[in-house]
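Below, all heavy atoms of this structure are taken into account, side chains as well, without hydrogens, waters or symmetry copies.
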Amino acid sequence: MKKRLLSAVLALVLCAYPAMAADFGTLTISSDREVIDDSVLYELAAADEPSTLTLRTPDGETGSLTFDGTKYHLQPCGQTDKFTYSVLFSADGENAYGLPYTEWFMADSDIGQHIFDPVTEWDARHICSVPRWRDCGTLRLTGQNKLKPPYALLTRFFAIHRDRTAAISLEMQPALGQPLFLAYHNGTYTLTETDPDRFIRTEWTQLVPLPTNDLRTLSLTLINASGEQRPLFTFENPASYLTLPSIV
């Protein structure tokens, strides 16, 4: 009799206090609203029971993204405001340099890729961005457009670029003038040149280390479908670089 009574009491307690929300851990968001790994957001978007995800900035500010079983609730880091929407979804796009990224939003319907339509306004709340490429750093060049040692970043670029499925970027900083930005994605090289008065983006099909008149140096050169060439910089040609043509 006592056991049956205890079971009835426990059942009443469980009904009065539903199961706690599933804890999805903590997601760190940078000041630019970027995250490195968004796998937990895919899990949260597919959740069918109450779930909670803690948001945190590198400075220690916190917020939350929760699912109550019906709607999603966002409290941005360091804020008291809360926003409620029906759907959590992602959309893939490319930035101004031709590199892939994923954006996460909340809205009352999954508007997917339509979110990037420049002529349509959507009632959506941006959560974070996820870069989908490898940044190989910044190369420093001399006034004669020659690569300054050490060559570790260039070696790293070539090593990553052997995987033709990887999207990568490389910045070049001349001694004089504005930086150049080289991106590779889906078989296309994109070179972006900037200065205060212009933003020029060109596309190329090949990246080739060509020998120069000085046999001790190579010129890293872009080539387009018409055969036009755009030299980027020259660098020394030690034995470790002799396999370069195999990666273009």
Side-chain angles (χ1 to χ4, degrees), residues 30-37 58 92-102 129-248:
S30 72
S31 58
D32 296 328
R33 289 190 183 180
E34 288 189 351
V35 302
I36 298 174
D37 183 1
D92 297 325
E94 289 187 358
N95 63 13
Y97 302 107
L99 290 167
Y101 66 94
T102 299
S129 303
V130 192
R132 300 296 188 191
W133 74 88
R134 302 277 298 275
D135 182 1
C136 294
T138 302
L139 301 179
R140 307 291 175 179
L141 309 179
T142 68
Q144 290 75 39
N145 237 30
K146 183 177 180 179
L147 179 62
K148 290 183 178 180
Y151 303 123
L153 288 181
L154 184 60
T155 303
R156 179 171 181 262
F157 173 82
F158 289 143
I160 295 174
H161 194 37
R162 288 190 178 96
D163 176 7
R164 309 305 277 191
T165 64
I168 56 177
S169 66
L170 183 68
E171 184 176 345
M172 293 154 281
Q173 178 61 65
L176 301 173
Q178 299 297 313
L180 307 175
F181 195 87
L182 178 66
Y184 174 82
H185 177 49
N186 278 346
T188 299
Y189 298 92
T190 303
L191 180 66
T192 303
E193 304 174 70
T194 62
D195 64 31
D197 301 319
R198 64 177 182 170
F199 183 93
I200 300 176
R201 173 177 161 175
T202 53
E203 294 186 348
W204 308 79
T205 56
Q206 298 181 69
L207 179 66
V208 183
L210 298 177
T212 66
N213 293 332
D214 178 0
L215 297 181
R216 294 175 299 176
T217 62
L218 296 172
S219 172
L220 193 63
T221 303
L222 290 164
I223 303 175
N224 65 17
S226 301
E228 297 174 312
Q229 298 184 5
R230 170 61 163 87
L232 297 175
F233 57 84
T234 60
F235 58 100
E236 293 182 4
N237 183 23
S240 60
Y241 290 136
L242 294 180
T243 58
L244 284 180
S246 66
I247 63 101
V248 301

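- Donor-acceptor pairing under 3.5 Å is lacking for the side chains of Thr205 and Asn224.
- Atom NZ of Lys146 sits about 12.5 Å away from atom CZ of Phe233, to the nearest 0.5 Å.
- Side chain of Asp32 to main chain of Glu34: no donor-acceptor pair is present (N/O by atom type, distance under 3.5 Å, no hydrogens or angles).
- A 4.5 Å side-chain heavy-atom check between Leu141 and Leu147 finds at least one atom pair inside the cut-off.
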Would you be so kind as to tabulate the donor-acceptor pairs closer than 3.5 Å made by side chains of residues 179-188, with sequence neighbours excluded?
residue: Tyr184; atom: OH; partner: Gly187; partner atom: N; Å: 3.4

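- A donor-acceptor pair under 3.5 Å links the side-chain atoms of Arg201 to the main chain of Ala96, judged by distance alone.
- A donor-acceptor distance shorter than 3.5 angstrom exists from the side chain of Arg164 to the backbone of His161, with no hydrogens or angles considered.
- If you take CG on Leu153 and NZ on Lys148, they are separated by 13.5 Å, rounding to the nearest 0.5 Å.
- In terms of heavy-atom proximity, Asp92 sits nearest to Thr102 at OD1-OG1, 2.7 Å.
- Each of Thr212, Thr221, Asn145, Leu220 was evaluated against Thr234; a single residue qualifies, Thr212, per the side chain to side chain contact (heavy atoms under 4.5 Å, CB included) test.
- No more than 12 heavy atoms of other residues, nucleotides or ligands sit less than 6.0 Å from atom CD1 of Ile36.
- Within the 4.5 Å cutoff, the side chain of Leu232 has heavy atoms near those of the Met172 side chain.
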